[in-house]
Amino acid sequence: MNLSEHSSILIVVIPLIASFVNIFLNFLQRKLCYPFFVLVLGICVALSIDILCQVINFGVLRYRLGGWMAPWGIEYVIDHLNAYLIVIVSSMSFIVAIYSKDSVKKEISKAKLPYFYSTYLLLATGLFGITVTGDIFNLYVFLEIASLSAYALVAIGEKRSVLASFHYIIMGTIGACFYLLGVGYIYIITGSLNISDLTRLLPSLYESKVTLTALAFFIVGIGIKIALFPLHRWLPDSYTFAPSAVSAFASATVTKVGIYVLIRISFTLFEPKFLIEMTPLSNILIWWSTIAIFFGSLIAIGQKDFKRTLSYILIAEIGYMVFGINIGNKEGFIGAVLHILNDSLMIGCLFMIAGGVFYRIGSRNIEDFNGLNRNMPITMAAFTIAALSMIGIPPTAGFFSKWYLIVGAVKAGYLVSAVILIFSSLVNALIFFRILEKIYFTKNENTPMYNFRELPISMMIPIVITALAILIIGLYSGEIISSVIKFSLPKGF
Amino acid sequence: METSISIKPVLAIAVSAVSAFLIAITGEKLRNLRETWSILASIFKFLIVVSMLPDILCGKVIEYCLFRITSELILHFRIDALGLFFAMTASFLWIITSFYSIGYMRGLNEHKQTRYFVYFAITLSATMGVAFSANIFTAFVFYEIITIATYPLVAHKETEEAKKNARKYLAYLLSTSVAFQLTAIVLTYCLSGNLYFSKGGNLSNDISSSLLTITFLLYIAGITKAAIMPLHSWLPAAMVAPTPVSALLHAVAVVKTGVFMILRVVFYIFGVDLLKSLNLETVLAVVASFTIVAASVIALRQDNLKLRLAYSTVSQLSYIVLGAALLSPSALKGSIFHIIAHAFGKITLFFAAGAIYVTTYKTKISELDGIGKRMPLIMASFTIGALSMIGVPPFAGFISKWYLSVGAIESDKIFVLAILAISTILNACYFMPIVYVAFMKKSKDSKYNGINEAPIFVLIPTVLTAVLTLVVFLCPHPFIKLIILIVNQTFGG
Amino acid sequence: MIRLYDDLIIQTVCRIMIPLIQLFAFYVIAHGHYSPGGGFQGGCILGASFILMVIAYDINWMKRRFSEKKNTLLMAFGVLIYALVGVLCILLGAEYLNYGILNKIIPTDSVKVRALGTLIIEIGVGITVMAVMVSIFLNLTTFGKHEKGEV
Amino acid sequence: METVIGKYNYWIYIALMMIGFYAMIAKRNLVKKIVGMNIFQTAIILFFISTAYKKDATIPILIKSQEVIDPAKYINPLPHVLMLTAIVVMVSTFGVALAVIMMLYKQYKTLDEDEIIEILRKKK
């Protein structure tokens with residue numbers, strides 16, 4: 001028996017089992033819940049790295065669930081793109097799990113903590129499931145597992161989070177149902193649900209209106225799930241009022257996994273030429289995402305609440321990725337996939353910092369950030385790095401993905417979009433330097449209120465790790481591209 | 001051209017980065033040790049830079065590839081004569097400024113001196129980085145580092161005015177570099193496929209001329225550090241910084257970085273032939289000429305001494321750009337000689353302005369009546385600096401003006417001669433009144449009568465740079481030798 | 001809160017009905033793997049029987065027999081049965097949920113063992129569904145207060 | 001005419017879906033929104049199930065005695081299985097949504113969205 005053969009299923013099952021074992025632990029020995037929770041996610045990180053190594057060394061992994069052959073049974077397929085996503089999701093969930101130890105203490109009552117951990121693990125299960133599965137209906141189920149746990153996690157935040165969660169449920173359900181309709185139409189026309197099987201079957205059916213309808217349903221459904229601009233209304237409220245650990249985790253992973261699904265649907269299920277040449281869809285998506293970038297950035301300027309600012313920036317960043325995917329050239333795709341990693345690090349780091357500041361001063365208002373540097377120098381240094389990366393200053397990671405996106409946009413001739421991309425960088429510069437100025441060069445008048453020290457160590461370490469990762473990963477972008485992303489390029493790019 | 005691989009450029013950059021770290025951990029309590037680090041680093045840096053001189057004089061090029069981030073984005077150093085020349089000027093003046101800083105900061109009992117010295121050292125590191133860079137990407141990285149590292153220096157006083165000006169400073173430098181320079185770099189990459197500075201230009205003739213023109217204009221607009229009008233107003237804004245910052249950074253290191261990059265773009269990205277065929281050099285020459293005259297006129301109206309010097313800097317920088325725009329060997333000679341002539345002259349002037357402020361807290365020219373009698377040495381140095389700026393024979397400024405004039409005739413641009421003449425008159429108009437009131441008028445407040453010179457740490461550097469201005473005129477041969485080498489390398493003669 | 005008055009007829013009928021309902025629920029669960037039915041349907045019926053109990057009597061009466069803690073544990077336990085059987089298959093050397101391999105520990109042929117494996121899974125699912133149904137009902141009817149014993 | 005009558009199952013599912021959709025978006029009462037959500041999901045289930053239907057076919061349970069299996073005689077079981085899962089998902093969503101509504105009611109003592117927003121605005 002070789003466990004690493006099974007790592008693609010274990011990464012889904014282990015958090016699932018752990019999530020329920022946690023409930024038993026709650027009754028047996030409550031103190032063990034947190035260590036167990038972190039340990040499990042640590043194991044997931046190890047597994048994900050193992051999967052990545054296997055994929056790099058041996059190529060695509062296929063796992064037949066229950067021993068059933070592929071088009072009939074559910075098959076888990078892991079290629080470079082999945083493996084890359086799994087590593088991102090698992091490491092972010094692990095890092096935020098460490099962070100959550102102290103951070104949730106102020107936001108969630110003690111009795112509910114084990115349930116928080118369980119739901120968190122379920123969310124991780126859902127996300128892992130989405131990334132590993134090679135079956136579009138199974139993907140729907142995992143999508144809903146992830147979404148349901150996300151609704152619950154959002155709802156345990158502060159008072160207003162409940163209404164936000166309700167809106168999230170309504171929007172999320174519409175998105176999921178649209179996706180399900182897409183699955184239905186695909187099933188009607190092909191009689192198969194397996195992605196690799198569909199890749200084979202669909203090309204002969206490209207002329208059919210049903211195929212087009214399915215694709216439209218898919219894209220709108222996923223567009224809601226990833227909060228692409230006009231469908232984004234659920235996101236800012238949810239991520240603002242959710243507990244800080246949840247905002248950090250969800251912002252860093254949920255939308256990124258959505259982007260992954262979009263890539264799978266657009267370029268694996270269908271051939272790239274279907275979206276790019278045979279239908280105007282990719283063109284529509286490019287303009288759609290350009291508008292998303294523009295308005296996301298624009299709305300972000302006006303926000304006073306730091307987490308809300310980040311949410312709108314996130315909406316703009318989602319626009320970046322959707323844009324990069326649809327340009328239809330190598331550079332754009334590389335930029336988008338690289339940005340999945342960079343953005344999850346940056347936005348995760350910033351949300352964690354926002355949570356850290358909230359932990360200490362009890363406010364998310366940007367106006368209250370005055371002079372924080374004196375009290376929390378290390379956190380603020382991390383903030384500076386993440387902010388520079390958001391703006392896209394080299395050598396931080398954010399620059400490199402932006403570089404590829406802009407090069408891709410210019411090469412494909414979408415100059416307006418390139419200008420909007422740069423405009424959004426400038427807006428980020430405006431937003432973040434306004435905050436940096438408050439942090440470093442403004443004294444706070446009411447000093448007694450601010451007599452506090454750095455964050456507790458369990459919150460500091462994750463923040464520092466992500467900030468360092470932003471710096472280091474930037475330098476190794478070439479390595480990542482040549483060993484992972486290059487192999488996940490769709491056909492004909 | 002022979003190439004030798006050496007780690008020296010990295011060392012030269014690392015020395016001050018390491019010192020920044022040492023300064024930061026030493027802190028305010030051991031201020032003498034802290035200042036020792038600063039001085040040691042400056043001396044070491046200069047020695048490392050000079051140690052590369054023999055190789056360069058033999059016609060060799062020193063290369064070191066630091067890091068291959070992606071296939072086209074490479075942190076690569078290559079030192080030719082031009083880079084070394086700039087690096088030597090900046091690193092030599094850092095030694096003098098280090099001493100001056102100590103005198104100035106202690107004399108005024110400034111707050112947060114540690115932060116000041118840390119960022120000063122980082123800025124110098126990045127300046128070396130620009131000087132040594134082998135491709136426009138490396139230059140861009142260090143360019144951005146300079147922008148961000150100088151921001152705390154400009155905002156040093158932390159008053160509302162300082163913050164406002166620092167905001168302006170950052171807004172100009174960062175937004176233009178991200179919006180225009182980055183776009184230009186992307187376009188360069190898309191047009192030519194690589195980002196290296198290569199002799200005779202990187203871009204080739206067979207690309208559509210409108211794209212090339214756009215790229216060129218984006219570069220000129222994007223390299224805002226050269227303070228070409230109308231994007232100059234960050235430089236006067238930066239004058240809220242402590243005087244040593246204005247002296248070394250905003251008269252030498254930062255602004256010359258901008259000019260240096262324009263030289264690189266003109267000669268090593270576009271190349272003489274391409275520019276001539278597109279007739280772009282005329283555009284640049286006209287813009288530079290306009291800047292020279294307009295900035296001088298504005299300088300006439302300034303009552304604040306540092307502001308007047310700042311506008312003078314704007315005007316003088318355009319001499320260098322103008323020299324480049326003429327695209328003739330003699331003009332380039334003059335242009336490069338002006339880098340050093342202006343550096344010595346302007347630093348003397350700023351040192352003198354700082355010395356006046358340290359001793360008398362006066363910043364306005366209208367308050368300087370009779371100051372020459374109180375501080376004869378300082379004002380004598382000031383006079384020397386002013387004369388050199390005007391271009392009066394026994395001082396360095398004359399030589400550069402001479403070569404520029406020759407170059408103007410060589411390239412048949414007679415209007416440049418007129419510009420030079422007008423500018424000389426204007427220079428005299430705004431500098432001589434200061435000298436006049438300082439020596440001829442009687443002091444208004446009779447409290448101070450005797451000689452009351454500045455502190456020794458401030459005085460000696462000022463006098464030293466003044467003397468050097470004279471020395472450069474008297475024995476320019478070592479410089480000329482290097483400059484001829486540069487011209488040969490550039491024009492391939 | 002739920003209990004308004006005791007109705008003899010309802011209570012008596014429920015007393016007779018509930019065992020029958022539960023028996024039927026077990027039947028549906030047990031036949032899930034080769035005829036219509038299964039864990040989900042059976043679990044729903046089983047859950048309904050407990051809900052009926054609450055409606056006919058009252059919440060405390062029901063909680064004395066079937067406490068909230070037990071319910072929560074059952075909820076987790078059912079999923080664990082499912083997941084652990086899957087892992088057991090891995091440990092025995094086959095793919096996840098490949099019940100055929102269970103004949104290494106259950107001495108029957110591999111076709112029958114497949115059906116048996118499905119049955120185990122269905123039982124797990126049934127338990128979970130029942131517990132979740134009851135839990136949703138309790139939470140909704142008592143505004144989530146029953147955890148604190150305020151009912 | 002053929003497109004209307006011959007494919008009536010699609011028309012019904014579309015009508016149901018639009019009713020649900022309308023309720024989700026336009027109704028101000030939160031419970032009505034959830035009811036709309038349920039109708040919406042049910043419409044999709046109807047859609048799936050109706051696609052599995054074949055004329056004169058029976059439930060797909062094989063009897064051992066039958067030697068030759070004619071696929072046209074049995075309806076397609078897969079959509080049913082899929083919808084079973086979808087129903088589970090639906091119920092879970094419904095449960096979570098109801099729980100959230102309970103929390104909302106506890107906080108604001110109303111289930112009308114406009115009133116809740118009004119309360120929130122007053123708090124600011």
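In what follows, every chain begins at residue 1, and chains take the letters A, B, ... in the order their sequences are listed.
Both the backbone and the side chain of A:Leu475 come within contact range of chain B, each with at least one heavy atom under 4.5 Å from a heavy atom of that chain. Contact of A:Phe441 with chain B is made through backbone and side chain together, with heavy-atom distances under 4.5 Å. Neither the backbone nor the side chain of A:Phe423 comes within contact range of chain B, judged by heavy atoms closer than 4.5 Å. In this structure, chain B has a heavy atom under 4.5 Å from the side chain of A:Leu388, while its backbone stays farther away. With a threshold of 4.5 angstrom between heavy atoms, A:Ile393 approaches chain B through side-chain atoms but not through N, CA, C or O. Heavy-atom distances place no part of B:Tyr143 under 4.5 Å from chain A, backbone and side chain included.
In summary, the aromatic rings of B:His250 and B:Tyr169 are positioned with their centroids under 6.0 Å apart.
Per-residue heavy-atom pair counts under 4.5 Å with chain B were compared for A:Leu436, A:Ile480, A:Val419, A:Leu426, and the maximum is reached by A:Leu426. Chain A forms the most heavy-atom pairs under 4.5 Å with one residue out of B:Leu75, B:Thr147, B:Val178, B:Leu73, and that residue is B:Leu73. Of all the listed residues (B:Ile185, B:Val186, B:Leu187), the one sharing the greatest number of non-hydrogen pairs under 4.5 Å with chain A is B:Val186. Here B:Pro152 is the residue among B:Ser71, B:Ala166, B:Pro152 with the most heavy-atom pairs under 4.5 Å with chain A. With chain A as the partner, the residue from B:Lys112, B:His156, B:Arg115 showing the most heavy-atom pairs under 4.5 Å is B:Arg115. With chain B as partner, the option from A:Ile391, A:Val407, A:Val410, A:Leu430 having the largest number of non-hydrogen pairs under 4.5 angstrom is A:Val407.
Between A:Phe400 and A:Ile481 the shortest side-chain heavy-atom distance does not fall below 4.5 Å.
With rounding to the nearest 0.5 angstrom, the NZ atom of B:Lys225 is 8.0 Å from the CD atom of B:Gln181. For the atom pair CZ of B:Phe180 and OG1 of B:Thr224, the computed distance is 8.0 Å after rounding to the nearest 0.5 Å.
The environment of A:Arg434 atom CZ is dense: over 12 non-hydrogen atoms of other residues, nucleotides or ligands sit within 6.0 angstrom. Counting non-hydrogen atoms of neighbouring residues, nucleotides and ligands closer than 6.0 angstrom, the NZ atom of A:Lys411 exceeds 12 such neighbours.
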| task | Show the numbers, then the answer: is there a ring pair (Phe, Tyr, Trp, His ring centres under 6.0 Å) between A:Trp403 and B:Tyr189? | result | CA-CA 11 Å; A:Trp403 164 266; B:Tyr189 173 66; 5.7 Å; yes
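One finds a salt bridge joining B:Glu160 and B:Lys163 here, because a Lys/Arg side-chain nitrogen approaches an Asp/Glu carboxylate oxygen to under 4.0 Å.
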